[in-house]
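Single-structure report; data block below.
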Amino acid sequence: MTKPPLWPAHLHHFCLETPQINAVVPWYETHLEMVPKRLDDGSVWLSGRQRNIVFWPSADKGLGYVAYALTDASQLARFDAEMRAKGVSRPDIQSSLFADGQVAIADTDGKCFIFGVPVKPETDTLDRLPGRLQHLGICTTDMDRLIDFFTRTVGFRASDIVKNDDGAVSACFLRSDREHHDLALFAASSSRFDHQCYETTCWNDIRDWGDHFADQRTQIEWGAARHGAGNNLFIFVRDPDGNPVEMSAELETRDFESPPGEWKTEPRTLNLWGDAWTRD
Ligand SMILES: [Fe+2]
């Protein structure tokens, strides 16, 4: 089976729009131990060794863009050529964290995805509290169209698909390397950002994050628990804008050729240990 130009890619950073940047930035400084840097365009880049977010001041909260790192300029050129050949919509947007030649595309809901090579070399050196930015979740009102776009056009592979009794897909977990998912899609009443997730090294890291959040007097809102799809351990907190922040461990891996698994829409699929969050 021939791998598409997207392979391998991994989530590198993302941009969130926020109406309260003066509250959000200090939260990520203290809670996720990230260092802020104001960029020339008025946005704020928060970074750790293995996690990066860009916050953009805005009247409303929302998702600015999602950015995936490819291996080098050669892979990026092949991906660029494929997106051009397929006639994918190309928004005029760039990330300061990627080198020249980056490729921005719009998905079928109009959300921007940028693919590029990071300006700053990536590191395997762990942060004091390990948590590598690993996946995002987004909500959509047209799941079938979005799955088709990301799998057939962009080159993601579906790892697990969650279906209602009537066959409608309620969630789909997509991967662009061996990790079970680096993009999760959820059916909902609106197209929007859902959550961000940081992969730790082990269960003990989840404990340490929980203790750290307790020191900040921030309560865990879901978990500790284990997802069915992906089989990862997790806890969730929320940032000042209400954006869910997930810390994860033990996420499954899959081969490129592995066919998608199928799950029922029920709490067990999202939480083997108990209740699940539902999305409106
Ligand atoms: Fe997640």
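We count ligands from 1, going down the list as the structure has it; atoms in each ligand are counted the same way. None of these values were measured; they are calculated from a predicted model.
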Exercise for review: Indicate whether any N or O donor in one side chain lies under 3.5 Å from an N or O acceptor in the other, for Q196 and E246.
Suggested key: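 There is no such pair (donor and acceptor under 3.5 Å, judged by atom type) between the side chains of Q196 and E246.
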Expected list for residues 94-104: side-chain donor-acceptor pairs under 3.5 angstrom, two or more places apart:
from : atom 1 : to  : atom 2 : distance (Å)
S95  : OG     : H13 : NE2    : 2.7
S95  : OG     : Y65 : OH     : 3.3
S95  : OG     : L97 : N      : 3.1
Q102 : OE1    : S95 : N      : 2.6
Q102 : NE2    : S95 : O      : 3.1
Q102 : NE2    : F98 : O      : 3.2
Q102 : NE2    : A99 : O      : 3.2

Point to revise | Within 6.0 Å of CG in D148, more than 12 heavy atoms from elsewhere | key: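 Correct, the count exceeds 12.
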Check your understanding: With a distance cut-off below 6.0 Å to the six-membered ring centre and an angular limit of 45° from the axis, does R238 pair with W277 as a cation-pi contact?
Key ->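 Checked: cation-pi criterion met.
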Check your understanding: Cation-pi between R157 and F256: NZ/CZ under 6.0 Å from ring centre and within 45° of the ring axis?
Key ->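 That pair qualifies as a cation-pi contact.
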Practice item. For D255 and E257, indicate whether the former's side chain and the latter's backbone hold a donor-acceptor pair under 3.5 Å. Key: no
**Study point:** N, O or S atoms of the protein lying under 2.8 Å from the Fe ion (ligand 1)
**Key:** H135 NE2, H195 NE2, E246 OE1
